[in-house]
Structures are given as C-alpha cells and as structure tokens.
Amino acid sequence: MLVNAYGAHAGDQPLEPLLITRRAPGAHDVQIDIAFCGICHSDLHQVRAEWPGTQFPCVPGHEIVGRVAAVGVHVHGFRPGDLVGIGCIVDSCKHCADCEDGLENYCDGMIGTYNFPTPDAPGWTLGGYSQQIVVHERYVLRIRHPEEQLAAVAPLLCAGITTYSPLRHWKVGPGKKVGVVGIGGLGHMGIKLAHALGAHVVAFTTSDSKREAARQLGADEVVVSRNAEEMAAHAKSFDLILNTVAAPHDLDAFLVLLKRDGGMTLVGAPATPHASPNVFNLIMKRRTLAGSMIGGIAETQEMLDFCAEHGIVADIELVRADQINESYERMLKGDVKYRFVIDNATLAG
Ligand code: NAP
Ligand code: ZN
C-alpha cells in the first residue's frame with residue numbers, strides 16, 4: 001500500500017513529500033490512519049544524521065496518534081475506529097528478560113519506529129510523518145482522552161513516557177524535591193507530570209522569558225541556570241534532577257544541587273558528549289548519575305491512563321506538513337511552547 005509521507009534523502013537536505021509503502025496487516029497487526037504526529041528533538045538528531053547510522057530516505061516521527069483502520073485476524077484487543085497511539089517502539093524480541101518485565105525499551109532486539117531494521121521495504125522502519133502505519137498489536141496503545149484533545153495527546157507517546165518513566169523509577173511523589181532541566185518538549189511534560197505526582201518541582205531554564213510560563217506548567221520555583229546565585233540557593237537539596245537538555249553542558253552545576261543519595265537522570269541525548277563530571281561531586285554525597293530511555297509498553301499505557309485521569313496533555317502548536325523544516329529551525333531556537341505537532345491530513349497530495 002502506497003501512502004504519503006514526509007522525509008529526507010540526506011542529512012543535509014530538507015524534508016520533502018515522499019511516497020512510501022506499508023505492509024498489508026498480518027494476523028497480529030493493527031493498521032492505523034495517523035491523525036497527528038509530534039515533532040521530537042530526536043527526529044531532528046536522526047534525520048540530520050547528527051546521531052550515527054541514519055538510513056535514507058528517513059521518515060521520522062514517533063509520537064503517533066490516530067484511529068484503527070483495520071486489524072489482523074488474531075487481533076482481539078483493538079477494533080476499527082478505536083483511538084490509539086504508537087510511540088518509539090514497533091517491535092522487540094518478545095521473550096528476553098526485558099520484554100518479559102514489560103521493559104521492551106531495553107530489549108537488545110527493540111525495533112524503533114524509524115531507522116531500525118525491518119523486513120518491510122525499504123529495509124528500515126519509517127515513522128509517523130506519514131498517513132498510515134502498520135504495527136504488531138503488542139506495541140499499540142489505547143487512548144482514553146476525549147477525541148478533541150487528540151493532537152495534544154501525541155507528544156505523550158515520547159515526551160510523556162520519557163519523563164514519566166524515570167519519575168516513577170525514582171519514586172517521585174509528595175515530599176520529594178524534583179528539578180527539571182530544560183523546558184522544551186520533554187521538560188514541559190516532566191514539570192506537568194512531577195507536579196501531578198505531588199512533588200515540589202523546580203524548573204531550570206536558560207531562557208529568562210520562560211519564567212512565568214514554567215510556573216503555569218506546574219513548577220513551584222523557577223531557576224535561570226545561568227544565574228550562579230539562584231543556582232547556589234538550591235545547593236544539596238534535590239532528591240532527583242531530570243535533565244532533558246539536547247546539548248552538551250556543565251553537569252557539575254546540577255550534581256552539586258543533589259542532596260545525599262540524590263540522583264540526576266539524563267534523558268537528553270546530545271550528538272556530542274558532555275565533559276566528564278567531577279567524580280568528587282558524586283563521591284562526596286553518594287550521588288548517582290543515571291540515564292533513562294523512553295519506557296516500556298505497559299508503563300506507556302499506565303502513563304496515558306494517568307494523564308487521561310488527571311486531564312494532562314502537552315502544550316502544542318499544530319503545523320502543516322510543509323512547515324516541518326521551519327518547525328525544526330524554531331525548535332532549535334527554543335521558539336515553541338512546547339511541542340510542534342503535525343496535522344497529518346496535510347500530508348495528502
Ligand atoms: P527540545 O524541545 O528542543 O527541548 C530541549 C530544551 O533544552 C530546550 O527547550 C532548552 O530549554 C534546553 N536547551 C537547549 N539547548 C541548550 C543548551 N545549549 N544549554 C542548555 N539548555 C539547552 O527537545 P526535546 O524534544 O525535549 O528533547 C530533548 C532531548 O532529549 C533531545 O536530545 C532528544 O533527542 C532527547 N530524547 C531522549 C529520549 C530518551 O529516551 N532518553 C526520548 C526523547 C528525546 P530552556 O530554554 O528551558 O533552557
Ligand atoms: Zn522522541
């Protein structure tokens with residue numbers, strides 16, 4: 001089946017309209033008409049070949065929402081017309097310890113929604129900047145938000161789960177002081193989720209202009225991280241700092257803000273490494289520097305249900321397909337509050 005998509009032929013080329021093929025749904029597959037797809041900073045890293053190994057043509061997009069169009073004969077959990085989502089994972093080995101624990105995101109055989117090997121043409125997965133996608137039922141998420149919120153639900157499929165998973169892993173809740181560094185697509189979700197989980201939330205931003213907006217997202221305090229005095233006022237006080245920054249920066253400036261046994265989890269994935277942190281900043285207070293990658297399927301469903309229950313969606317700016325390249329430039333300038341979402345109806349013709 002041929003469908004319209006948007007993608008790039010090389011890392012230094014803009015994205016443009018493409019025709020791609022999708023397989024006919026197999027016995028366990030769900031075929032989805034994509035309504036909206038969020039624009040994640042990872043899409044930009046990958047399609048511009050900032051991360052190694054990009055296969056071209058590259059069609060990014062892993063914050064996918066839409067309606068089920070058809071299901072395979074053995075699919076019982078979904079029916080045509082259901083509102084569903086696809087995040088960053090479209091396959092995994094299904095039998096390793098990670099898959100059995102519901103942590104398919106850490107399976108060595110995890111297949112990402114774009115740029116991972118597949119028997120389907122052209123040999124690597126193509127993502128959600130497209131009209132349709134066909135995915136094994138195990139990786140399809142149910143959306144319980146009202147339909148009018150669908151576009152703003154899309155970013156939950158990556159930005160939402162990538163921040164929810166470490167917040168839960170580190171047992172964030174009432175009585176915990178949590179920092180969120182970088183108020184972009186991931187960071188703004190991190191603030192909303194940490195607030196909803198009952199933590200005291202401090203937002204760290206490089207942008208003075210985001211001060212008020214961060215409070216509206218649910219931050220109890222806002223620190224402009226370039227201001228040494230404001231930073232020093234929070235020394236040795238955090239249980240957890242969730243760092244979403246997409247560029248290398250000074251990690252020590254944040255490690256010293258952790259209290260004894262506190263941890264900083266990096267989810268931002270810059271194309272070039274951070275300078276190594278000063279180990280004394282870890283040793284002195286038994287601090288932890290950790291990482292986290294998206295989340296498992298069960299946890300993603302839990303996050304979607306938590307968000308539906310608490311009325312949480314992303315703050316978005318809806319764009320047409322022909323605005324994707326411009327949206328990338330604006331994302332790099334921090335000129336978006338806080339996630340671009342593509343209206344996939346604009347991919348047609
Ligand atoms: P984004 O919307 O561009 O937000 C990143 C934020 O980081 C910016 O809004 C900005 O916030 C801050 N920032 C940017 N450049 C900075 C710099 N040089 N120094 C300090 N702060 C800077 O990006 P995103 O979509 O949230 O993604 C963030 C990162 O997470 C990307 O690297 C992405 O690839 C990665 N990611 C990882 C996972 C995972 O599983 N671990 C999943 C998805 C995305 P302020 O203006 O507030 O400072
Ligand atoms: Zn993403």
Side-chain angles (χ1 to χ4, degrees), residues 37-48 50-51 60-64 85-89 103-106 110 112-115 127-129 154-167 169 179-192 202-215 217 219 222-227 231 242-251 253-254 265-275 290-296 299-300 303 314-317 327-341:
C37 183
I39 296 181
C40 178
H41 205 117
S42 302
D43 300 352
L44 183 155
H45 289 311
Q46 191 77 69
V47 78
R48 293 195 172 172
E50 292 177 1
W51 289 346
H62 56 206
E63 293 185 337
I64 298 167
I86 300 295
C88 306
I89 309 172
L103 292 171
E104 300 88 347
N105 48 321
Y106 296 117
M110 186 202 96
T113 305
Y114 56 81
N115 206 56
Y129 299 4
L156 303 183
L157 276 304
C158 175
I161 184 58
T162 301
T163 50
Y164 182 83
S165 182
L167 291 173
H169 182 73
V180 178
V181 188
I183 312 177
L186 266 57
H188 97 288
M189 286 311 309
I191 294 170
K192 288 186 187 214
V202 180
F204 290 93
T205 181
T206 56
S207 317
D208 203 38
S209 62
K210 292 184 187 169
R211 231 185 242 278
E212 192 41 47
R215 282 188 173 275
L217 293 169
V222 184
V223 171
V224 173
S225 52
R226 301 186 199 281
N227 183 321
M231 292 288 277
L242 184 59
N243 188 328
T244 76
V245 173
H249 61 283
D250 177 16
L251 299 181
F254 296 99
T265 292
L266 305 180
V267 290
T272 49
H274 297 289
S292 186
M293 191 176 79
I294 44 175
E299 198 177 26
T300 306
M303 177 277 309
D315 290 16
I316 65 158
E317 183 175 332
S327 301
Y328 279 12
E329 293 311 316
R330 286 185 52 201
M331 177 166 63
L332 284 172
K333 284 189 257 167
D335 176 23
V336 51
K337 288 200 168 52
Y338 290 89
R339 197 56 133 189
F340 290 112
V341 172

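Counting starts at 1 for both ligands and their atoms, following the listed order.
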I'd like to check which ligand 1 atoms, numbered from 1 as shown, lie under 4.0 Å from a non-hydrogen atom of T206. 20 (C), 21 (N), 45 (P), 46 (O), 47 (O), 48 (O)
Check ring pair (Phe, Tyr, Trp, His ring centres under 6.0 Å) between F340 and all other residues, then give those that pass, not counting sequence neighbours. none
For a quick test of reading the model, state the closest non-hydrogen atom pair linking N105 to G296 and the distance between them. OD1-N, 3.2 Å
Assess the residue pair L217 and I183 against the criterion (side chain to side chain contact (heavy atoms under 4.5 Å, CB included)); give the C-alpha distance rounded to whole Å, side-chain angles, the decisive distance to 0.1 Å, and a yes or no. CA-CA 10 Å; L217 293 169; I183 312 177; 3.9 Å; yes
Quick note on ligand 1: atoms under 4.0 Å from a heavy atom of C158 include exactly 42 (C), 43 (C)
4.0 Å heavy-atom contact, R339 with ligand 1: yes
Once you restrict to heavy atoms under 4.0 Å, what part of S292 touches ligand 1? Side chain, backbone, both or neither. backbone
among protein heavy atoms, the one nearest atom 26 (O) of ligand 1 is L186 N, 2.8 Å
Atom 40 (O) of ligand 1 - nearest protein heavy atom and its distance: I294 N, 2.8 Å
Minimum heavy-atom distance between G38 and Y129, given as atom pair plus value: O-CE1, 3.9 Å
Can you check whether W51 has an N/O within less than 3.5 Å of an N/O in ligand 1? no
Backbone or side-chain N or O of V267 under 3.5 Å from ligand 1 N or O: yes
With atom 45 (P) of ligand 1 as the reference point, say which of V336, T163, T205 has the nearest heavy atom. T205
Checked the Zn ion (ligand 2): protein N, O or S atoms closer than 2.8 Å come out as C40 SG, H62 NE2, C158 SG
Between E317 and R330, does the side chain to side chain contact (heavy atoms under 4.5 Å, CB included) criterion hold? Intermediate values first, please. CA-CA 11 Å; E317 183 175 332; R330 286 185 52 201; 2.9 Å; yes
NE2 of H249: more than 12 outside heavy atoms within 6.0 angstrom? yes
Return yes if some donor-acceptor pair links the side-chain N/O of S225 with the main-chain N/O of T205 below 3.5 Å, else return no. yes
Using a strict 4.0 Å cut-off to heavy atoms of S207, name the atoms of ligand 1 that fall inside it. 45 (P), 46 (O)
Taking all non-hydrogen atoms of both residues, which atom of R215 and which atom of V222 are closest, and how far apart? CG-CG2, 3.9 Å
Looking at D315, is its backbone amide N or carbonyl O close enough to the side chain of H188 to form a donor-acceptor pair, meaning the two atoms are under 3.5 Å apart? yes
What is the nearest protein non-hydrogen atom to atom 5 (C) of ligand 1, stated with its residue, atom name and distance? T244 O, 4.1 Å
of all protein heavy atoms, closest to atom 4 (O) of ligand 1 is G184 CA, 3.3 Å
Could you list the atoms of ligand 1 found under 4.0 angstrom from a heavy atom of K210? 9 (O), 11 (O), 45 (P), 46 (O), 47 (O)
With a 4.5 Å cut-off on side-chain heavy atoms, are D43 and H62 touching? yes
Should you measure from each heavy atom of M331, which atoms of ligand 1 turn up under 4.0 Å away? 3 (O)
Decide whether an N or O pair under 3.5 Å exists between A269 and ligand 1. yes
Which residue supplies the protein heavy atom nearest to atom 2 (O) of ligand 1, what is that atom called, and how far is it? G185 N, 2.9 Å
Using side chain to side chain contact (heavy atoms under 4.5 Å, CB included), reason through Y338 and M189 one step at a time and then give a plain yes or no. CA-CA 9 Å; Y338 290 89; M189 286 311 309; over 6 Å; no
Show which atoms of ligand 1 fall inside a sub-4.0 Å distance from at least one heavy-atom site of H41. 1 (P), 3 (O), 23 (O), 24 (P), 25 (O), 27 (O), 31 (C)
CG-OG1 distance between L156 and T162, expressed to the nearest 0.5 angstrom: 11.0 Å
Please confirm whether the backbone N or O of I39 pairs with a side-chain atom of Y328, one donor and one acceptor, at under 3.5 Å? no
Using heavy-atom distances only, which candidate in V245, I183, T162 approaches atom 39 (C) of ligand 1 most closely? T162
Measure from the side-chain N and O atoms of T244 to the backbone N and O of V181, and report whether any donor-acceptor pair falls under 3.5 Å. yes
Under a 4.0 Å N-O cut-off, is there an ion pair linking D208 with R226? no
Give yes or no for whether the N/O distance cutoff of 3.5 Å, strictly under, is met between Y338 and ligand 1. no
Under 4.0 Å, heavy-atom basis, I'd like to know which part of A247 is in contact with ligand 1: side chain, backbone, both or neither. side chain
Starting from atom 12 (C) of ligand 1, what is the nearest protein heavy atom, named by residue and atom, and what distance separates them? G182 CA, 4.0 Å
Would you check if the side chain of T300 reaches a backbone N or O of L157 as a donor-acceptor pair within less than 3.5 Å? no
Is the contact between Y328 and ligand 1 made by the side chain, the backbone, both, or neither, using heavy atoms and a 4.0 Å cut-off? neither
Using 0.5 Å steps for rounding, measure from the CZ atom of R339 to the SG atom of C158. 6.0 Å
Residue and atom name of the nearest protein heavy atom (relative to atom 33 (C) of ligand 1), distance in Å to one decimal: S42 OG, 3.4 Å
Testing the basics here: between E63 and A159, what is the closest heavy-atom pair and its distance to 0.1 Å? OE2-N, 3.0 Å
Shortest protein contact, atom 30 (O) of ligand 1 (heavy atom only): G268 CA, 3.3 Å
